[in-house]
Amino acid sequence: MGLFIAQVLTGLANAGALFMVASGLSLIFGVTRIVNFAHGSFYMLGAYIGYTLMQVLPGAVGFWGAILLAGLAVGVLGVLVEVLVLRPVYRAPELFQLVATFGVILVIQDLALLIWGPEDLLGPRAPGLRGVVRIMGEPIPKYDIALLVITPFVALGLWYLITKTRVGVLVRAATQDREMVGALGVNQAWLFTGVFALGTALAGLGGALQLPKGGADLMMDFNILTAVFVVVVIGGMGSLPGAYLAAVIISVLNVFGVTYLPQSTLVLMFVVMVLVLMIRPYGLFGREEVAGEHGQVGEPERPFKPAGLQVRLLVGAGVATLAAMPLYASTFSQVLATDILIFCLFAASLHFMLGLGGLVSFGHAAFFGGGAYVAALMVTHADSPMELAFILAPIGAGLAALIIGWVCLRLTGVYFAMLTLAFAQLIWSLVFQWGDVTGGDDGLVGIWPAEWLKETTVFFYFALTLSVGGIIALRHVAHSPFGYALRAARDSARQAEATGINTKRVQLLAFGLAGTMAGLAGGLFVFSKGSVFPNELEIARSFDALIVVFLGGVKTLAGGVAGGAFFKGVEDILVRFEYWRLALGLLIIVVVILAPDGIVGSLRKAAERVGLLKRGEDTT
Amino acid sequence: MLELNAINSFYGKAHVLNDLSFAAERGQVVALLGRNGAGKTTTMKSIMQLVRPKTGTVTFQGHNITGLASHKVAKMGLGYVPEERRIFTDLTVLENLEVGRQPPREGTVTWTQDMLFDLFPNLAERRDNRGKALSGGEQQMLTIARTLMGNPSFVLLDEPSEGIAPVIVEQMVRVIQQLKADGLTVLLSEQNLHFARAVADTTVIIESGSQKFTGTLDELNAHPEIRDAYLSV
Amino acid sequence: MTNPALETKGLTKAFGGLMAVDNVSFALAQGELLALIGPNGAGKSTCFNMLMGQLRPTRGSVHLNGADITGLSPRRIWRMGVGRTFQITATYASMTVIENVQMALLSHHGQVFRIFPHAHKMHRDRAMALLEMVGMAAQAERHCAVLAYGDLKRLELAIALAHEPSVLLMDEPTAGMAPRERIALMQLTADIVRDKGVSVLFTEHDMDVVFAHAHRIMVLNRGQLIAEGNVAQVREDPRVQEVYLGGGTVFASEGAAENA
């Protein structure tokens, strides 16, 4: 019994930081409609800044002062990011902003590395709270007790601010219709900035508060991000009590998990989340999200027709140039081209469901990495020939996509996106923790192609054929009745359902097809590299694909492929430098600000302006 | 009081307002008439600077407000009641009013919640209900009440009778007459001529974003060819 | 004796303790243009949603040409020959006008899941004929997102007619339109009723439209039918005047309506 209570208390203490970060994310999303991927980075900054301040400020006053100051400082940085990076892109199409926040993650990662170095920092202990208290014989750190007491006060304070004050009323009103709030005389630009500052300050506060327990390291940003998404989704987007309850549930569960099921700590969190969402699709305290209400911007995409002769010739010439590569380019270039082709197929598969279907998946890496692992597992454990393993990659990924899609498609909008992320993380944690089968962190190695594909040049042709073939197949489907139905379900599910189209089934099959194609890319990947590691299943890999699709242009058919080629090419050059993340992050931010229609979309508009292309009809 | 001078506004690339000019005098109810797509809503939004005119000026009480942020325009005493109502459905009636609240303004009525509940008795019973629980007519009243909380001297009403039961539209007529008696200036865009006739002092007819006629309803009736050409009645 | 096109018996929907629709029974005759009017929040939309299958009735039944369709899914009801248009237009903004209609035809022919043919070549002639019927043929290749509001409404009508429905439900068909456009759209609807034998049930707040075109009018108030009859009967009904019509200052006088 004593141990049980002790564990509950530890869980409650751990919930503090998680709640603060999650409530901040939830607040920011509510008002700005931006899923702030960089939220984990602000949490990390809070920890680092708090650490530095604690070195300087002495004693208990210094310790607690450092925590408050760290929160404040991170809030100020939040204002900076909001004003410099986000304000210019508020008018860009929906969800485009999240690419900008991803750029911010990269920049902050490298800045932290630059300032604080690569070593993990051990957090100082809180003065006066170093010891433990014994509750029913079990030792509980005094600092945990302090956290346990502080968090509900923060939660109550926030709740009061949001439900009882004028500022709270304005924030909630802006959550629904920010333009109208402005037209009623409220300066919404500063309301946005204020909410962003509050949200990031909460993240910073969370980061600084957990210093004595967890210290500071460069992995903190992504590590907390998943947990935070899970908390927000379980609690219900925009609900503070929900975020608190969910943070407690997840933290307590985690403590028990570590004790009783150490192999499954990561998996547990997602299982809980899936269970909650099966019963309450919009989280414990969440409400159904109404998409497409006021405050959404961006014009609808234009109609498209199958490519004309001109475009076909152009594409043909491009493919021919690629096919001739072995004649004029080095083996190294062919390897690079293979990488790019595989990545383009992966991006095109996401673009298919995201662009045409409006299904924003944050976890598409599950099917890319999943395909790769299916093949690798077959080779490692079943000694299957390469050909069989390779064919099973897309099939396995496609089946997984159908199952995951079936669950995720019960939800829409950002809940759908979060749920796909959670599933991707579930698969990642399975692979990561089930070391006996998957090799865990060490990955699976020695996965080489069959004898006839061993040559770099031969494999290049193999990859070229399948990638280009896959991309063309996806494009063909886009022009088929099924592709039209997918767009119809996105444009107006109401009308589609009213005219007999089973929109959920259409979307599920599209999800499955996208997963299959991602699995195909994964299969190509694993045999081109000879190995696969869990990072192919990571959030970062999913984000790569998202960024590429958005940068390329969601509303253009070629967006995924163009973005893929651009991104992979640039990344390949940049990774040769030490602080490549910084450079890449800044580049992404610049592209987002300068080319809000994506690369293809912006090029098309530019071409129209100078008269190279026929203008589309004006949209009103 | 309000003057539009050669306004050109665009929606994306579509040219919606084309050298639009007209003026509204203090204390008048001006009906802005015209077909669908003639630019009535864009005119309202261009005055509020929710759509920024590319060229031309909007002058309000002698100040050039072109290019100002919308919240500054609202703070100067312009109240906007949009066509789609856009009440905050998750907020209660009282909270909706709170969003609209602005400090008292010299020369205009300072509205309180109680005064508004006198004006719209239906809202009083529903003060603690969320916006989404209200019927269409109640929502329309709430939109107007919310705007009045800002103590405006000038109200823009975009198609207030749209989708509202006739009996409520009649109530709306009484409200507008009351506002006029209180000294407010009103610019009203309408498709329902019966309604416009009941409240308006003068009319401005626009077509393709340009002003085609200005005058009283009697003057308009004297020119049936204008009515036929631009109003599609 | 032929069955009514659409018939409800004791249709009831309770939300918690609130009776949104309370024991409503009516019959829509073949080829009839029947208006359902009433104050905002009277239960018209709830009623529509039950007829279309979006909501399951708490009690009561809905019959379509004699067949019980109570509680069937919206897709099933559509396939059985009920079309609808929305109060707030719902069209596919990223497609052309004709593609919007082709989409409905693809669904009607059960071809939604085909992935080999090029969709834009399918059912073009039939789609064009439908656009012709609603006067939108000239705009067939335009981008749906740039259409004027009145044209969107006509496009919606073409979509709703794609599967040759026997019953058409129209939710405030002329909302947001100019007076002349309203008359034109309802005239078009009346023509279709006559030519195709479609039966139409519609809600509307514009009394000029209702009085000019409805064959018969039902009045719903607080979930209950309080009056039913022809234009004159409903106009003169004191209860209808009290809860809905008011003093009649905001729509055309009787003489004007008859001339329209």
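Side-chain atoms are counted along with the backbone in the values below, which use heavy atoms only and exclude waters and symmetry mates. Naming: A, B, ... by sequence-line order, numbering from 1 per chain.
Put simply, the side chain of C:Trp78 does not reach to within 4.5 Å of the side chain of A:Glu497, judged on heavy atoms. A 4.5 Å side-chain heavy-atom check between A:Arg487 and C:Met95 finds at least one atom pair inside the cut-off. C:Arg114 is not listed as a side-chain neighbour of A:Ser480, based on a closest heavy-atom distance of 4.5 Å or more. The closest side-chain heavy-atom distance from C:Tyr92 to A:Gln495 is below 4.5 Å. C:Val112 places none of its side-chain heavy atoms less than 4.5 Å from the side chain of A:Pro481. Side-chain contact between A:Thr499 and C:Met103 is absent, with no heavy-atom pair separated by less than 4.5 Å.
In terms of non-hydrogen atom pairs under 4.5 Å with chain A, the most contact-rich of C:Ala90, C:Gly53, C:Ser73 is C:Ala90. Chain A forms the most heavy-atom pairs under 4.5 Å with one residue out of C:Met52, C:Glu99, C:Gln54, and that residue is C:Glu99. The greatest number of non-hydrogen atom pairs below 4.5 Å with chain C, out of A:Ile501, A:Leu486, A:Asp491, is found for A:Asp491.
In this structure, A:Arg494 is positioned above the aromatic face of C:Phe86, its NZ or CZ under 6.0 Å from the six-membered ring centre and within 45° of the axis.
Using a 4.5 Å cut-off between heavy atoms, C:Leu106 touches chain A through its side chain atoms alone. Looking at C:Leu169, there are no atoms closer than 4.5 Å to chain A (heavy atoms on both sides), in backbone or side chain. With a threshold of 4.5 angstrom between heavy atoms, A:Ala496 approaches chain C through its backbone and through its side chain. Contact annotation for C:Thr85: neither backbone nor side-chain heavy atoms come within less than 4.5 Å of a heavy atom of chain A.
Counting non-hydrogen atoms of other residues, nucleotides and ligands closer than 6.0 Å to NZ of A:Lys504 gives a total above 12. Remark: C:Asp125 CG is loosely packed, at most 12 non-hydrogen atoms of other residues, nucleotides or ligands lying under 6.0 Å away.
A side-chain donor-acceptor contact under 3.5 Å links A:Arg490 and C:Ser94.
Taking the six-membered ring where the residue is Trp, A:His479 and C:His118 present perpendicular rings, their angle passing 60° and hence far from 30°.
For the atom pair OH (A:Tyr484) and CD (C:Gln111), the distance works out to 14.0 Å, reported to the nearest 0.5 Å.
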